[in-house]
Amino acid sequence: MQEVTHSYLDELNDIQRQAVVQTEGPIMVIAGPGSGKTRVLTYKIAHLINIGVPPWQILALTFTNKAAREMKERIEAVVGSSARRVWAGTFHSIFARILRVEAHRIGYPNDFTIYDTDDTKSLVNELIKSMDLDKKAYNAGVIRSRISASKSNLITPKAYSQNEDMLNYDRMNRRPMTYKIYEKYVARCKRSGAMDFDDLLLQMFRLLYENPDNVKEKYQRQFSHLLVDEFQDTNFLQYEILKQFVNYEDSPHNVCIVGDDAQSIYSFRGATIENILQFETDFPNLNTFKLEQNYRSSQHIVDAANGVIGYNRRQIDKKIWTDKIGDQKIKVIKTISDNEEGRRVADLIIEQKHRHNLSNSDIAILYRTNAQSRVFEEFLRRQNIQYRIYGGLSFYQRKEVKDLLAYMRMTVNPNDDEALKRVINYPKRGIGASTVNKLLAIADDNQVSLWQTIPHVQLSKRAMSNLAEFAALIATLRKHMAEGKNAYDLAVLISKRSGIVSALKTDNTMEGVGRLENLNALLDGVKDFVENDEVIEGENPLDKTLASYLQSIALITDMDNDKEEKETVSLMSTHACKGLEFKSVFVVGMEENLFPSYMSLSSPDQIEEERRLFYVAITRAEEYLTITYSNSRYQHGQMRFNDPSRFLEELPPETIDSVIPLKQKQGFGEPKILGNFKPTGLKRVKKLMIDPQNFHPDDSSKIKPGMRVLHLKFGEGNVLDIDERFVATIEFDQIAVNPKKRIMLQYAKLQILD
DNA sequence: GGGGGCTATGGGGGG
DNA sequence: CATAGCCCCC
């Protein structure tokens, strides 16, 4: 009725608009690459808010934090700051947030630890060892993924132990005790007050399904409208949770899923396209919208993508088209070695930048495996081209960072067995494997955490006193936490008291210095967290506890860092590139055994998934697409000779520029590092409005309405109002979107200007 | 219990 | 090639 008055609707094509303005009932949007999918999602949410749906009743589940953040920013540009109260985030982060409030209802502490992949692997390894199993047959990674897959399909340890198919499969692979490891694994996580990534989904499901204190109705009422992005990448469990939210008596089924079967690339972690088909069955009065116009790529790229994906058998019928002008064909380049490939790509980047006036940020290099990034780094560095690697080892996975985080985890939740194992003897305090094994045995007998066994263990005098010292350390840290110290003060205290800092200070090697820098970067990050003083209207008051900090970082990935950073060439895996676009894209390493991966060659389904992955990669390009492959490359430490990828033959010939003949060049000799590049991971790039040197915050109790003040991040502004909770409303001059910020004076760093 | 040096082994994508 | 795990010696 009022839709005509909303100007953003003019920015949509007919189909997009129909999908946006239908605000009731189930909707499915099949969205080809570059078809304005994000635009539909964001405008749909903006539209819901405009017609009066409270933002906090909207739940939007995305695939990455980055996608959620961008979506929120774009909604905010349309409807203002109320957009921030939309529940937008990844499945994992949204459910973690809910579980922080509700976990006690299903037998977990609300301050539960989140185990990352390393933690779970270490736990599985420990169980394999303690059960005296052959660790060749029982590969921790394989067992871990069996457990993960079981959870994702709602198969409990009990169901597993009664499932003849799964047992047979394990027997055939000479690991019949897998079910037992699974059972012990679950018990261990439980008594450690820990959830792994799958638990964030599984326990969320349990919470809704078992429905203690009618908690399900609470969330069904709260979330009146659900939206799911990248639905093709959801697994069985995620879909079951979705249905728990949506299916109840007289439910309006306000659920909108957006996805593209052709871009389903995560079956290895349980994603299933079946969910799309199932959705059509489960919601028969569904309206389906197909977005087929591609606004991103030029004709040849779209033709190539259509050509390639046509080789897949099963797919939802659609035809992607574009009216973008441009006769740029796809370049396919063959090189003699992986080194040569790196050099050619770097040279071409220089050339493109000059010839087409591109900047670094217009360019991406996409590879199948993260290990391929090395040669490109090397040559980009030589050419003095700024770059950034996304993915790979994230900052939070570095050893020294994990060590300090483990102490923080122990402080928040001392029952966290994995954290305890990590730090009980780091820095060295004379508590070795035999002591830990004793603790493990007692813990197992009594089904308690390692921490809880400490008062009961019998050891030699010396071991006892070492152990008592460790326990006292943790108890002291916990005392400080109970006294209300904020996360930063605690983190500094922990880094000193634990001895981590002094241990690293004695190491004067380059590595040691780097580690210390990383620790400081971590502490800076905690400081950042504590000093963030912006209040989001209607949200809980700012929580600066260590537990809250740990929660805030548990689910961030390498993709989420440094969003402000520009002017770098992006290097990332083909998986990580989903949802992004660049003027110029290089898809490298197009060889058999690499892309498609040798792991996928035996199964037609997996080859099809590799093809979809290639489809995703090439559709990132707006204007220039360059594909390279190499005659030879170092793989697994030795020289390999792979054939060109089968996917190259599937590119329609008329979309390809003549294959550029291989040019032999002399080698460069020893690589010379030209400097001026930054190591990845430890940067903390925050846009500051002013030079911190010139910033001298005043006592915030002196701040009064009408004053002119300076804020480190937001710049100059006028204090409009201060309410009874000492939250100031300040309008900042240089903030374009929503210049009025709510700042909690308790944490505020403000300098008075007049 | 700690540390150094050697051997064996595995090496995909990510929340 | 990188790392985990093992053995041996202190």
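Between A/Leu366 and A/Val588 there is no side-chain heavy-atom pair separated by less than 4.5 Å.
Taking the ring centre of A/Tyr615 as origin, the terminal cationic atom of A/Arg612 falls outside the region bounded by 6.0 Å and 45° from the ring axis.
Under 4.0 Å is where a charged nitrogen must lie from a carboxylate oxygen, and between A/Arg146 and A/Asp170 at least one such pair does.
Among the heavy atoms of the strands, none lies under 4.0 Å from A/Asn65. As judged by a 4.0 angstrom heavy-atom cut-off over every strand, A/Arg144 is placed among the base-contacting residues. Residue contacts shown for A/Glu610 include a base, since a base heavy atom lies under 4.0 Å away. At a threshold of 4.0 angstrom between heavy atoms, the contacts of A/Ser600 with the nucleic acid are absent. Note on A/Asn370: only backbone sugar-phosphate atoms sit closer than 4.0 angstrom, heavy atoms only; bases stay farther off.
Between the CG atom of A/Asp118 and the C1' atom of C/dA4 there is a distance of 13 Å, given to the nearest Å. Straight-line distance from the CG atom of A/Asn235 to the P atom of B/dG13: 20 Å, rounded to whole Å. For the pair A/Glu591 CD and B/dG12 C1', the interatomic distance rounds to 16 Å; values are reported in whole Å. Summarising the geometry, the separation between CG on A/Asn466 and P on B/dG2 is reported as 9 Å, rounded to the nearest angstrom.
For A/Lys121, the NZ atom is loosely surrounded, since the number of other residues' heavy atoms within 6.0 Å does not exceed 12.
Residue A/Arg343 holds its CZ atom at 13.0 Å from CG of A/Leu380, rounded to the nearest 0.5 Å. Taken from CG in A/Leu601 to CD in A/Glu610, the straight-line distance is 8.0 Å, to the nearest 0.5 Å.
For the residue pair A/Ala96 and A/Leu555, the shortest heavy atom distance occurs at CB-CD1, 3.8 Å.
Both A/Gly432 and A/Leu201 lie close to DNA chain B; mapped to their nearest nucleotides by heavy-atom distance, the more 5′-ward contact belongs to A/Gly432. Comparing A/Lys428 and A/Ser148 along DNA chain B, the residue whose closest nucleotide (by nearest heavy atom) sits nearer the 5' end is A/Lys428.
Here the nucleotide nearest the side chain of A/Tyr598, chosen from B/dG12, B/dG15, B/dG13, is B/dG12. Of the candidates B/dG11, B/dG14, B/dG2, the closest approach to any side-chain atom of A/Tyr266 belongs to B/dG14. Among the nucleotides B/dG12, B/dG14, B/dG15, the one closest to the side chain of A/His92 is B/dG15. Distance from the side chain of A/Asn139 is smallest for B/dG11 among the nucleotides B/dG11, B/dG14, B/dG15. When distances are taken from the side chain of A/Asn425 to each of B/dG2, B/dG12, B/dG15, the shortest belongs to B/dG2.
With hydrogens and angles ignored, a donor-acceptor pair under 3.5 angstrom links the side chain of A/Arg368 to the base of B/dG12.
For B/dG15, neither phosphate oxygen OP1 nor OP2 lies less than 4.0 angstrom from any side-chain nitrogen or oxygen of A/Thr64. For A/Lys129, no side-chain nitrogen or oxygen approaches OP1 or OP2 of C/dG5 to under 4.0 Å.
For the ring pair (Phe, Tyr, Trp, His ring centres under 6.0 Å) test, residues two or more places apart in sequence or in another chain that qualify with A/Phe63 are A/Tyr266.
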Starting at the 5' end of DNA chain B, what dot-bracket string do you get if Watson-Crick and G-U pairs under 3.5 Å are bracketed, crossing pairs use [ ], other-strand pairs use | and unpaired bases use dots?
-> ||||||||||.....
